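In what follows, chains are A, B, ... by sequence order, proteins preceding strands, each numbered from 1. All of these numbers come straight from a predicted model, not from anything done at the bench.
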Amino acid sequence: MTGYDHQRIEAKWQESWARRRLAEVEPRGPSSPFYMLMMFPYPSGDRLHVGHGRNYILGDALYRYRRMNGDHILNPMGWDAFGLPAENAAIARGVHPRDWTLDNIRVMKQQFRRWGILYDWSREIASCHPGYYRWNQWLFLRLLEKGLAYKKQAPVNWCPSCQTVLANEQVVEGACERCGTSVRQRELEQWFLRITDYAEELLAGLDELEGWPERVRLMQRNWIGRSEGAELDFELPEIGETLTVFTTRPDTVHGATFMVLAPEHPLTARLIADHPERAAIEEWIEQVRNTPRIEREEEGLVKEGRDTGRTAVNPATGERIPVWLANYVLVEYGTGAIMAVPAHDARDLDFARQHGLGVRLVYHPEDREVDAATITEPVLHEGVVRNAPPFDGLRDGQEAVRRFTEWAAEQGWGRARVTYRLRDWLISRQRYWGTPIPVLYCDGCGVVPVPDDQLPVELPYDVELTGREGNPLARSAAFVEAECPACGGPGRRETDTMDTFVDSSWYYLRYLSPRDESRMFDSELANRWAPVDQYIGGIEHAILHLLYARFVCKALADLGLVSFREPFTNLFNQGMITHFSENSGRVEKMSKSKGNTVSPDALIESMGADTERVYTLFLGPPEEEVEWNDEAVAGAWRFLNRVWRCHEALPDAPPTGSADRQLERLRHETIQRVTGDLDRFKFNTSVAALMELTNGLTRALDGRTVSRSACEQAFDTLITLLHPFAPHLTEELWERRGYDGSLLEASWPVYDEEKLRRSRMTVVVQIDGKLRDRLELDAEADRGEIERAALASDKVRQHIGDRRVSRAVVVPGRLINLVTEQGAGG
RNA sequence: GCGAAAGUGGCGGAAUUGGUAGACGCGCUAGGUUCAGGACCUAGUGGCCGCAAGGCCGUGGGGGUUCGAGUCCCCCCUUUCGCACCA
């Protein structure tokens, strides 16, 4: 592309910035520490396209702006380096996960440099480094001490042919993605973190997080899924047990006509022990168990059930009701069993009709009594209780729930109870590329934590990765065999590694003292800089990562390591960039797999990184999804070239000019707009304002209407304001203007209210709300003068005709609306 | 099904508290400039009627509040996103 020599300029300034040490920046203003953070990126080379550049460019623009504004600001970058893709790449290509990861980090750093993105690399961390992950292990041990880490049986996806555990994403239509074998569910002992202990606080804390997008808070609320209800006890006389269920509708207990247990429920075995078709039922249970989780949670799963032949006693009516097993009841939620009330629950009614089970109504529509045998839809709202003697006449609602719960409690078979959908955090991964969980197993001592002074438990480099036969760590004798720290006898190391969300749940604290070998992080620094003022990242982390990070923050606070309980004060989620995809013929999210990416290299070569940055930010509102338009990029390129040409034209500006005040006002307006817009993340309108200033300056220079000094002042303001968007070009122009030092050290311009004032104003004249004329008046004109001027206008008089003006509404500085009698009446 | 957000020119999108709808950019049209260009400059560009002046209509659809509604309220339609046998 013909234009200014962007390649030479960009290379020159990238080199200059690389020599800087951002850590040494001192605050110029009286600002308090501002801690800005991008989400911990996964260093996969695949993400290098303009779609992914968006959040880094956005973060860099914000960083440069806040810095120029005089903020004491921290902007670190590091790598969420563990994870499954590295292990897959290793298996597919025979590269070691560590080498693959480090290579990708190198490529990504290079790309950041080409985008002109500044990070404080002295704080760089990588979670796969033992100096980082030893603190995952240390944290785990503290949680273990507090009872927040524990082990229990949990199902995993198991490929019988590969003899290995599969992640959900490795299961394709119920089969192993590698060999196509049907995936089975298998129970394994696994490590969990007790996030549910914090469910209530995690939920309540959301109300205080006003700097977070409402949709993220809502997603977290739904994920935690608090529900109030009651626990009710049902006797199982044949086996002499009590079955406890959770229900949000204890007020419908009289309508419970059967019970349903999850097939995995602990009482199942005893219930079917003497069943004549026990073998068949057990086979069916096995089949349900083996249905992969994802499928079982999918919509449209066929509801299947089996009668245990046993009965329970409905504590409200004393009736004997059948006990069933069904695949739609989940063992993880509530107590893993429900009382089925077909009259008032659609799912239960479905199941009752399917298996010929009884229906009993508690609530009836207000105006009539309905027959249980004939209803086809459950009675859900606005009902009135009948057939539940102590409560007849009571209305459906919270009051009813409360009264029934109290009643059940008085009789000793029920109690109020809150349940959450949130489950404990399973951190065990049967994988190589992760943080080893720091415990050993000893025949004599059982589970033994690794003592702190023996950390880190290092991940061995020398392992064989095949993707088969379980965790490669388990086959490494050098790793597994270790001395028991308690008794000195032979022990076996835990071979499970941690979920990478553990790494990312506290990394923001490690940035503050990244090389400290004596502790996880420096609490004093943490309390000074954190919580993070501004967190930037994609919406895809709205639930898991952000919830885990909040949980770990609270746990760290309870360990006395930090004095705050929420890690991120303000959260910004940038939207994805979409692009037309040749493959599908549709506009889709930009990604390698869809083949609709735009290479930053080609773009940077033809029009430069500054053009890519400006266009990316100009594209649309940053929080929304926006479509990349290959043709429109040229608009940003033209804009930057106009700026360049303004600089070339400056020497030709005349010594004095008639329109100096006008340009000066535009200059101040632009400062006001850009500053306000950047504070509100409105990068797109900031760029528009800068284009307007450029157009104004171009016109002034062409028309020779503005003095050279005023033009120069406007130009200097322009490149200063433009710097966060187009850093290379503006640095070059700043130098060519003869200023010393980087624009990064220049102060952000301040506007002057006085200079924004106009001597004339445009007043719009409406008649009955319709625009009829515009008047140029003195800015000082008062109500009366505006009204007189409006009534004096020929156009206005024509439109009013012989009607009478009954009222005049004046909006100072903007408009006057004349209301005529007919207009007001009609 | 539940929840949320959003519907504005040919396109991406502007429009603090209700106060000139369409900023800025792309595209398009005409003219200029250039050896040439996918370069640059100038003017125009929501629709309809009109030679023009000007008029009428116009922010998904319908109603309402108001001197005044893209903006607020009610109903409906569409799209996108999130969640879901959650007892």
Side-chain angles (χ1 to χ4, degrees), chain A residues 1-3 213-219 221-223 225-227 229 245-249 252 256 260 262 296-303 326-330 332-341 344-348 350-351 419-422 539 542-543 575-576 614-615 618-621 623-639 641-642 645 673 676 680 682 684-692 694-695 698-699 702 762-771 773-774 795 798 806-820 823-824:
Chain A
M1 282 283 175
T2 327
E214 186 48 43
R215 62 175 167 162
V216 173
R217 296 199 275 170
L218 191 79
M219 278 192 247
R221 261 182 219 117
N222 292 340
W223 189 260
R226 182 182 200 272
S227 54
V245 300
F246 173 75
T247 175
T248 52
R249 297 296 306 273
T252 61
V260 189
R296 201 160 153 200
E297 284 176 2
E298 255 166 34
E299 189 180 0
L301 174 84
V302 182
K303 283 192 189 65
N327 60 353
Y328 74 90
V329 175
L330 306 174
E332 306 90 345
Y333 187 75
T335 63
I338 61 164
M339 64 173 199
V341 185
H344 305 298
D345 181 286
R347 223 175 19 218
D348 294 344
D350 226 31
F351 195 80
T419 300
Y420 300 90
R421 178 186 175 278
L422 181 69
I539 190 75
I543 298 177
M576 302 269 194
V614 168
Y615 180 65
F618 181 60
L619 207 47
E623 69 279 9
E624 259 152 63
E625 200 169 86
V626 287
E627 188 187 337
W628 185 273
N629 179 339
D630 294 302
E631 287 184 320
V633 188
W637 168 241
R638 276 175 220 146
F639 162 56
N641 276 289
R642 275 201 297 276
R645 282 195 304 272
R673 285 173 62 186
R680 287 171 292 152
K682 299 181 69 172
N684 53 334
T685 49
S686 297
V687 175
L690 291 166
M691 286 171 167
E692 287 183 62
T694 306
N695 292 345
T698 302
R699 228 167 296 138
D702 282 354
T762 306
V763 175
V764 167
V765 184
Q766 294 181 338
I767 295 170
D768 296 326
K770 277 187 192 289
L771 179 87
D773 199 8
R774 291 187 172 86
K795 284 184 191 166
Q798 271 171 33
S806 59
R807 198 178 151 190
V809 180
V810 177
V811 180
R814 284 186 183 273
L815 62 75
I816 176 168
N817 189 12
L818 301 171
V819 187
T820 66

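For A:Arg221, the salt bridge (Lys or Arg N to Asp or Glu O under 4.0 Å) partners are A:Asp207, A:Glu214, not counting sequence neighbours. With sequence neighbours excluded, the residues forming a side-chain hydrogen bond (donor to acceptor under 3.5 Å, both in side chains) with A:Asp773 are A:Ser793, listed by chain and number. Listed by chain and residue number, A:Arg673 satisfy the side-chain contact (heavy atoms from CB on, under 4.5 Å) test with A:Glu692 (two or more places apart in sequence, or in another chain). Judged as a salt bridge (Lys or Arg N to Asp or Glu O under 4.0 Å), and not counting sequence neighbours, A:Asp702 has no contacts. For A:Arg814, the side-chain contact (heavy atoms from CB on, under 4.5 Å) test picks out A:Val811, with sequence neighbours left out. Every residue meeting the side-chain contact (heavy atoms from CB on, under 4.5 Å) condition with A:Glu625, not counting sequence neighbours, appears here in chain and number order: A:Met576, A:Thr578, A:Lys589. Residues passing the side-chain hydrogen bond (donor to acceptor under 3.5 Å, both in side chains) test with A:Thr419: none are found, sequence neighbours excluded. Legend: residues meeting ring pair (Phe, Tyr, Trp, His ring centres under 6.0 Å) with A:Tyr615, ordered by chain and number and at least two apart, are A:Trp628. Every residue two or more places apart in sequence or in another chain that forms a side-chain contact (heavy atoms from CB on, under 4.5 Å) with A:Asn641 is listed here: A:Tyr4, A:Trp637, A:Arg645.
At a threshold of 4.0 angstrom between heavy atoms, the contacts of A:Asn641 with the nucleic acid are absent. Counting any heavy atom pair closer than 4.0 Å across all strands shown, A:Arg673 reaches no nucleic acid atom.
Atom-to-atom, NZ of A:Lys770 to C1' of B:rU66 comes out at 15 Å; the value is rounded to the nearest Å. At whole-Å resolution of the value, CD in A:Glu332 and C1' in B:rA87 are 13 Å apart. Between the C1' atom of B:rG68 and the CD1 atom of A:Ile816 lies a distance of 13 Å, rounded to the nearest Å. Across the protein-nucleic acid pair, A:Glu631 atom CD and B:rG27 atom P stand 6 Å apart, rounded to whole Å. Rounded to a whole Å, the CH2 atom of A:Trp637 is 14 Å from the P atom of B:rC26. One atom, CD of A:Glu692, and another, P of B:rA23, lie 10 Å apart when rounded to the nearest Å. Distance CZ (A:Arg217) to C1' (B:rG82): 16 Å, rounded to an integer number of Å. Distance A:Leu218 CG to B:rA84 P: 13 Å, rounded to the nearest Å.
Considering CZ of A:Arg807 and CG of A:Asn817, their distance stands at 8.5 Å, rounded to 0.5 Å.
For B:rA69 and B:rA14, the P atoms lie 23 Å apart once the distance is rounded to whole Å. Rounded to whole Å, the P atom of B:rA15 lies 13 Å from the corresponding atom of B:rU20. B:rG61 and B:rA39 have their P atoms separated by 37 Å, given to the nearest Å. If you take atom P in B:rC40 and the same atom in B:rG25, they sit 13 Å apart, rounded to whole Å. Going from the C1' atom of B:rA43 to that of B:rG7 covers 33 Å, rounded to whole Å. Using C1' as the reference atom, B:rG19 and B:rG70 are 13 Å apart when rounded to the nearest Å. Comparing B:rC26 with B:rU45, their C1' atoms sit 13 Å apart, to the nearest whole Å. Atom P of B:rA21 sits at a distance of 13 Å from the matching atom of B:rG58, rounded to the whole Å.
Distances from the side chain of A:Asp702 to the nucleotides B:rC24, B:rC83, B:rC41 place B:rC41 closest. Minimum atom distance to the side chain of A:Ala688 is reached by B:rA23, of the listed B:rG25, B:rA23, B:rA39. Here the nucleotide nearest the side chain of A:Met219, chosen from B:rC57, B:rG82, B:rG27, is B:rG82. Side-chain atoms of A:Arg215 lie closest to B:rA4 of the nucleotides B:rC85, B:rA4, B:rA87.
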Fill in: Contact state string [nucleotides 5-20 of chain B, B base, S sugar-phosphate only, - no protein heavy atom under 4.0 Å]
-------BSSSBB-BB

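In this structure, A:Asn695 and A:Arg642 have side chains that are in contact, with non-hydrogen atoms separated by less than 4.5 Å. In this structure, the side chains of A:Val341 and A:Thr247 stay at 4.5 Å or more apart for every pair of heavy atoms.
In this structure, A:Arg249 does not reach the B:rA87 phosphate: none of its side-chain N or O atoms is under 4.0 Å from OP1 or OP2. Considering only side-chain N and O atoms, A:Arg638 lies under 4.0 angstrom from the phosphate OP1 or OP2 of B:rC40.
Stems are defined here as 3 or more consecutive Watson-Crick or G-U wobble pairs with pairing distances under 3.5 Å; those involving RNA chain B are B:1-7 with B:77-83, B:10-12 with B:24-26, B:27-32 with B:40-45, B:46-49 with B:54-57, B:60-64 with B:72-76.
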Under-3.5 Å N/O pairs linking protein and nucleotides 52-55 of chain B:
{"from": "B:rG55", "atom 1": "OP1", "to": "A:His799", "atom 2": "NE2", "distance (Å)": "3.2"}

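Residues A:Ala632 and A:Arg421 each lie close to RNA chain B; by heavy-atom proximity, the contact nearer the 5' end of the strand is made by A:Ala632.
Proximity of a side-chain donor or acceptor of A:Asp768 to a complementary backbone N or O of A:Thr820 within less than 3.5 Å is detected.
Under the 6.0 Å cut-off for aromatic ring centres, A:Tyr328 and A:Phe351 qualify, their centroids lying closer than that.
Glycosidic torsion of B:rG58 falls outside 90° of 0, placing the base in anti.
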